[in-house]
Amino acid sequence: MRILMIIGSLRRNSFNRQLAQIAAKMLEGKAEVSFLGYSDIPYMNQDIEFPAPEAVRRAREEVDAADGIWIFSPEYNFNIPGALKNLLDWLSRPLVKNDPERISALTGKKVTLSGAGGKMAASNARKRLAEFAVFMRMRHMEGEECAVTLTPESFASDTLILSEEDERVLRSQAEKFAAFAGEKE
Ligand SMILES: Cc1cc2nc3c(=O)[nH]c(=O)nc-3n(C[C@H](O)[C@H](O)[C@H](O)COP(=O)(O)O)c2cc1C
């Protein structure tokens, strides 16, 4: 069973990446976890959509190979960060030109959402990601969602510090998502 982590921040020391790394440890023995690299994906431009650029083809293959996708994202100005939105815009597009069914790499894909951010714990980005998941006919695991409000200590040390409650929710989300992603259709 495979889970693909998608991080909404390109920052090397991203708190959301650190959160995903902790979640990956919690998934040990339950799932094979990988992280999607997507910083080389060009801006969405319908002039270059078919055939898809190599970086997009590779991202679609990684999504296709995954039983579930776990997105960890901050919010930028109350919204989905641009690089992540660009990736999702590419992934949202039909695999075949003019497909009336609009089957994309995301159709039917299981997904869960988490985020670390300021006071709102990136809730605006997650709300929009949840709407996107519905629009893309993904299977969004609702309920448990780890939402971390970053502390001044985390910002000062650039190291993610989780409360006991954050850890409990993250572990619970990991367990539930491993079970959800592992369910046979
Ligand atoms: C362009 C930009 C916009 C931001 N807007 C918000 C925001 O609306 N809400 C928020 O809580 N934090 C906001 N932040 C702060 C981020 O939450 C913070 O930089 C966080 O560390 C980013 O996540 P990362 O550590 O995973 O890269 C913003 C940061 C940037 C760079």
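Atoms within a ligand are numbered from 1 in the order they appear, just like the ligands themselves.
The heavy atom nearest to atom 29 (C) of ligand 1, considering only F155, F78, Y76, is found in Y76. Counting only non-hydrogen atoms, the option in G8, S9, A20 that gets closest to atom 27 (O) of ligand 1 is S9.
Formation of a donor-acceptor pair under 3.5 Å by the R128 side chain with backbone atoms of F78 is found in this model.
A salt bridge between K127 and E131 is present, with a side-chain N of the basic residue lying under 4.0 Å from a carboxylate O of the acidic one. A salt bridge links E54 with R57; the closest basic N to acidic carboxylate O contact falls under 4.0 Å. We find that D89 and K85 are joined by a salt bridge, their nearest charged nitrogen and carboxylate oxygen being less than 4.0 Å apart. In summary, R168 and E165 engage in a salt bridge, as defined by a charged side-chain N under 4.0 Å from a carboxylate O. A salt bridge is defined here as a Lys NZ or Arg NE, NH1 or NH2 lying under 4.0 Å from an Asp or Glu carboxylate O, and D158 with R11 meets this definition.
Heavy atoms of E75 approach ligand 1 to within less than 4.0 angstrom.
Each of the following atoms of ligand 1 lies closer than 4.0 Å to a heavy atom of P74: 22 (C), 23 (O). Distances below 4.0 Å separate heavy atoms of N77 from the following atoms of ligand 1: 3 (C), 4 (C), 5 (N), 6 (C), 7 (C), 8 (O). Less than 4.0 angstrom separates some heavy atom of S14 from each of these atoms of ligand 1: 24 (P), 25 (O), 26 (O), 27 (O). Every atom of ligand 1 is numbered from 1 in the order shown, and the set under 4.0 Å from a heavy atom of N16 is 23 (O), 24 (P), 26 (O).
When only non-hydrogen protein atoms are considered, atom 11 (O) of ligand 1 lies nearest to G118 N, 2.8 Å. G117 CA, 3.8 Å is the protein heavy atom nearest to atom 17 (O) of ligand 1. In this structure, atom 21 (O) of ligand 1 lies nearest to the protein heavy atom F15 CD1, 3.4 Å.
Taken from NZ in K176 to CD in E142, the straight-line distance is 13.5 Å, to the nearest 0.5 Å.
Shown here, atom 15 (C) of ligand 1 is out of close reach of the protein: none of its heavy atoms lies under 4.0 Å off. Shown here, atom 19 (O) of ligand 1 is out of close reach of the protein: none of its heavy atoms lies under 4.0 Å off.
With a 4.0 Å heavy-atom cut-off, ligand 1 is reached by the side chain of R11 but not by its N, CA, C or O.
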Does the side chain to side chain donor-acceptor pair (under 3.5 Å) test come out yes or no for D166 and S163, once each step is laid out? CA-CA 5 Å; D166 291 335; S163 68; 3.2 Å; yes
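Between the side chains of T112 and Q173, at least one donor-acceptor pair of N or O atoms lies under 3.5 Å.
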